[in-house]
Amino acid sequence: MDTFADVVTSGPVHLSATDVAFAHPGRPVLSGVTLRVGLGDRLGVVGENGSGKTTLLRVLVGELTPSAGTVRRQGTVASVGQELNVPAGATVGTLVDRSLSRLRTVAAELDRVSGEFDHDRGNLAELSEVLARAEHLAVWDADHRVEVALSRLAAPADRGRSLATLSVGERYRVRLACRLAERADVLALDEPTNHLDDAGIDFLTAELLGWRGAVVVVTHDRQLLDDVVTGVLDLDPSVDGRPALYGQPGYLSYRFAKDQALRRWRARFRAETQRRLVLAERLDASYEGLSDEWRPPKGSQTNRRATRARTHVKAADRLIARLEAQAVEVPPPPRALVFPDLPAMGPGWDPDQGVIELRSPAVSGRLDLPGTRLSIPPAGRLLVTGPNGSGKSTVLGALTGAVALDRGARTTAPHVRIGVVAQEGRGAPGQVAAMRRVAGQEPGRAPSGFDAYADEALRLLDQGLLDPASVVPIAFLGLLSEEDLDRPLDELSVGQRRRFDLACALLAVPHVLVLDEPTNHLSIDLVDEVTRALRLTSAAVVVATHDRRMRADLADWPELRLEDGRAV
Ligand SMILES: Nc1ncnc2c1ncn2[C@@H]1O[C@H](COP(=O)(O)OP(=O)(O)OP(=O)(O)O)[C@@H](O)[C@H]1O
Ligand SMILES: [Mg+2]
């Protein structure tokens with residue numbers, strides 16, 4: 001969802017939240033969020049998938065109302081959400097017009113005021129004010145800025161083009177280009193680099209660094225955090241239950257400070273546990289003493305001794321109660337990915353034959369590799385890179401068989417099992433809706449992760465693509481908690497749905513994994529874990545990625561670099 005809210009009040013540009021909380025029905029998401037982003041500040045928001053980053057952004061820009069606390073905005077606000085539901089019939093021009101409408105209003109006002117201005121008796125203050133606003137927004141340059149941004153972000157520039165015919169990535173780039181050209185005072189972006197290639201990210205980085213207002217950016221792109229942000233808000237669990245704000249620029253300083261904080265938290269937890277143990281032992285001893293004192297010898301000062309003993313026990317009891325009330329909780333261990341063992345070979349395979357092979361593949365207008373034999377050997381690796389629209393997804397689709405070839409041939413090893421994470425996978429909103437129809441669920445209710453996973457297993461079993469003995473239980477993978485797996489898929493965050501896609505790709509214990517932009521929407525820590533697992537697995541792996549860190553981490557893999565559908 002995108003916001004076009006105009007919240008123009010006088011005073012310095014800023015966005016602030018004080019003790020903000022938000023809950024979906026029966027599900028608290030945010031609490032105790034306090035922040036302030038002013039002119040020249042660029043706040044990065046990070047956290048595990050499902051920690052509430054998108055929710056926070058939507059609360060900050062006014063799309064959601066906080067259940068507690070206050071949000072203040074001064075200046076105009078423009079946001080680009082993680083997902084967009086395309087309004088029926090909308091075109092590229094619709095988005096451009098929406099973004100530029102305020103600028104056009106200011107331009108028209110300037111025309112009117114200056115046209116009507118009487119040099120002898122005119123209101124100079126009014127003219128200067130409108131002129132200043134028009135200058136601040138550089139209204140005369142607005143259409144040109146849109147053109148430049150569309151072109152630099154490799155977004156379709158034809159204003160008549162229907163948004164429904166664009167890929168998710170193209171749509172995101174159109175939205176981003178419009179919002180950047182709009183020059184709002186507060187810019188709020190949710191995972192902006194997911195759909196950008198290097199040139200696009202360079203453009204975005206420069207725009208953000210030069211932004212004449214405040215920026216809040218949710219991102220898992222470590223390089224972007226390093227290059228752009230002046231502070232980081234981390235929504236992961238913290239010792240005081242409030243999101244931690246790290247005031248240093250860059251990813252590395254944030255990571256260092258966070259690791260230190262976690263270490264202190266664990267140390268405090270250990271010390272408290274120790275103190276509680278000692279006290280509990282003392283209390284036990286006191287109770288023992290008490291039972292002795294209950295049967296004092298006759299004639300002794302029974303009452304006094306019993307009272308003293310009881311006081312003693314009560315004091316120890318109270319101490320323990322106080323300790324427990326003030327106790328820090330154990331830092332929840334980060335969920336760790338458990339990557340299943342995958343096979344390199346199937347029965348009867350020739351180790352010298354590719355698991356999948358493409359010969360001279362061509363897909364009209366998208367891919368043309370004449371004379372190329374693209375062979376993925378057992379346990380082989382391939383990294384597919386290239387700018388937006390260069391044909392990365394088409395090559396991957398040709399390898400998995402999802403995209404039909406117009407020329408050339410595809411062969412596979414017998415009964416090969418291929419695990420696929422598509423760029424917009426099963427968890428994408430449209431896909432969840434389709435699943436709901438297929439599964440015949442009650443209207444309006446998407447299947448839970450557990451149910452959808454079971455459906456997928458049954459489908460693969462029916463097709464003979466799954467060995468029932470080796471199904472990987474989804475909860476075992478450490479991608480989603482059992483609680484989240486019990487929830488309807490459409491209630492999960494985008495990254496949680498992407499985790500579900502990854503689980504489905506592993507379900508059939510594949511011989512080959514084909515992953516299209518696997519870093520998109522996944523949290524920083526999970527990307528690290530997945531990268532490590534992909535380097536180690538016995539299965540063959542094909543990855544298409546624009547992610548700068550992942551490309552560097554896989555730099556020793558054979559690379560297919562594409563440009564305009566051709567290998568370069
Ligand atoms: N409509 C909804 N109903 C119930 N719960 C929801 C709904 N939308 C989101 N949630 C839950 O709220 C929590 C926060 O979601 P949010 O989308 O803000 O996370 P996020 O940090 O942006 O995650 P990601 O990294 O995956 O984008 C998640 O647990 C999610 O499952
Ligand atoms: Mg999100």
Side-chain angles (χ1 to χ4, degrees), residues 1-8 13 15 39-40 42 57 61 73 75-82 84 86-87 90-111 130-163 166 168-219 224 228 388-389:
M1 254 153 271
D2 295 6
T3 293
F4 295 83
D6 263 7
V7 191
V8 191
V13 168
L15 181 65
L39 190 69
R42 297 181 294 271
L57 209 64
V61 302
R73 291 174 288 273
T76 54
V77 179
S79 80
V80 187
Q82 202 169 5
L84 172 75
V86 182
T91 61
V92 170
T94 315
L95 292 189
V96 174
D97 291 341
R98 269 211 274 178
S99 264
L100 297 192
S101 75
R102 192 170 54 89
L103 283 72
R104 290 187 176 135
T105 309
V106 174
E109 205 181 336
L110 179 63
D111 272 352
V130 180
L131 193 61
R133 260 195 295 151
E135 264 176 3
H136 176 68
L137 295 170
V139 292
W140 36 84
D141 188 35
D143 281 279
H144 176 63
R145 280 202 306 271
V146 172
E147 295 304 328
V148 170
L150 286 169
S151 135
R152 295 289 302 275
L153 295 179
D158 172 4
R159 300 201 181 180
R161 181 90 183 266
S162 157
L163 292 179
L166 302 184
V168 174
E170 287 172 323
R171 244 169 4 226
Y172 193 93
R173 296 198 291 278
V174 173
R175 293 155 62 206
L176 184 59
C178 293
R179 279 319 92 72
L180 290 174
E182 188 178 330
R183 290 214 175 163
D185 297 320
V186 177
L187 182 65
L189 306 178
D190 199 346
E191 304 282 13
T193 61
N194 275 351
H195 305 291
L196 302 185
D197 59 17
D198 286 358
I201 294 179
D202 286 348
F203 176 69
L204 175 70
T205 303
E207 287 282 304
L208 295 183
L209 287 175
W211 200 255
R212 301 192 307 173
V215 175
V216 182
V217 55
V218 172
T219 187
L224 189 78
V228 163
N388 286 135

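Hydrogens, waters and symmetry mates are skipped; everything else that's a heavy atom, side chains included, is used.
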Straight-line distance of Arg183 CZ to Leu100 CG, nearest 0.5 Å
12.0 Å
Separation between CD1 (Ile201) and CG (Asn194), nearest 0.5 Å, reads 9.0 Å
Looking at every heavy atom in both Val92 and Leu163, which two are closest together, and how far apart are they?
N-CD2, 4.0 Å
So Val61 and Val216, side-chain contact (heavy atoms from CB on, under 4.5 Å) or not? Walk me through it.
CA-CA 10 Å; Val61 302; Val216 182; over 6 Å; no
A side-chain contact here means heavy atoms from C-beta on lying under 4.5 Å apart; do Leu103 and Arg145 qualify?
yes
In short, side-chain hydrogen bond (donor to acceptor under 3.5 Å, both in side chains) pairs touching residues 152-161 with sequence neighbours left out are Asp143-Arg159, Glu147-Arg159, Arg161-Thr165
For a quick test of reading the model, state the closest non-hydrogen atom pair linking Ala181 to Ala142 and the distance between them.
CB-O, 4.4 Å
Between Leu209 and Arg42, is any pair of side-chain heavy atoms under 4.5 Å apart?
yes
Heavy-atom check, side chain of Leu189 versus side chain of Thr219, under 4.5 Å
no
Any side-chain heavy-atom pair from Arg173 and Asn388 closer than 4.5 angstrom?
yes
Might you point out which heavy atoms bring Arg133 and Val106 nearest each other, and give the distance in Å?
NH1-CG2, 4.0 Å
Residues two or more places apart in sequence or in another chain: which of them pass side chain to side chain donor-acceptor pair (under 3.5 Å) with Asp202?
none
Side chains of Arg179 and Pro192 in contact at under 4.5 Å (non-hydrogen atoms):
no
Least distance between heavy atoms, Val174 atom then Leu150 atom
CA-CD2, 4.0 Å
All heavy atoms of Ser99 vs all of Glu182, minimum pair found to be OG-OE1, 2.9 Å
Close side-chain approach of Leu187 to Leu208, heavy-atom, < 4.5 Å
yes
Between Gln82 and Val218, does a side-chain contact (heavy atoms from CB on, under 4.5 Å) hold up when you go through it step by step?
CA-CA 9 Å; Gln82 202 169 5; Val218 172; over 6 Å; no
How would you list all residue pairs meeting ring-ring contact (aromatic ring centres under 6.0 Å, His included) that involve residues 134-161, not counting sequence neighbours?
none
Side chains of Leu15 and Asp185 in contact at under 4.5 Å (non-hydrogen atoms):
no
Output the distance between atom CG (Leu131) and atom CD (Glu135), rounded to the nearest 0.5 Å.
4.5 Å
Flag the pair Leu166 / Pro156 as yes when at least one side-chain heavy-atom distance between them is below 4.5 Å, and no otherwise.
yes
Between CZ on residue Arg104 and CG on residue Asp111, distance to nearest 0.5 Å:
13.5 Å
For Gly81 and Asp190, which heavy atoms make the closest approach, and how far apart are they?
C-CB, 3.9 Å
Do Thr193 side-chain atoms and Leu196 backbone N/O form a donor-acceptor pair below 3.5 Å?
no
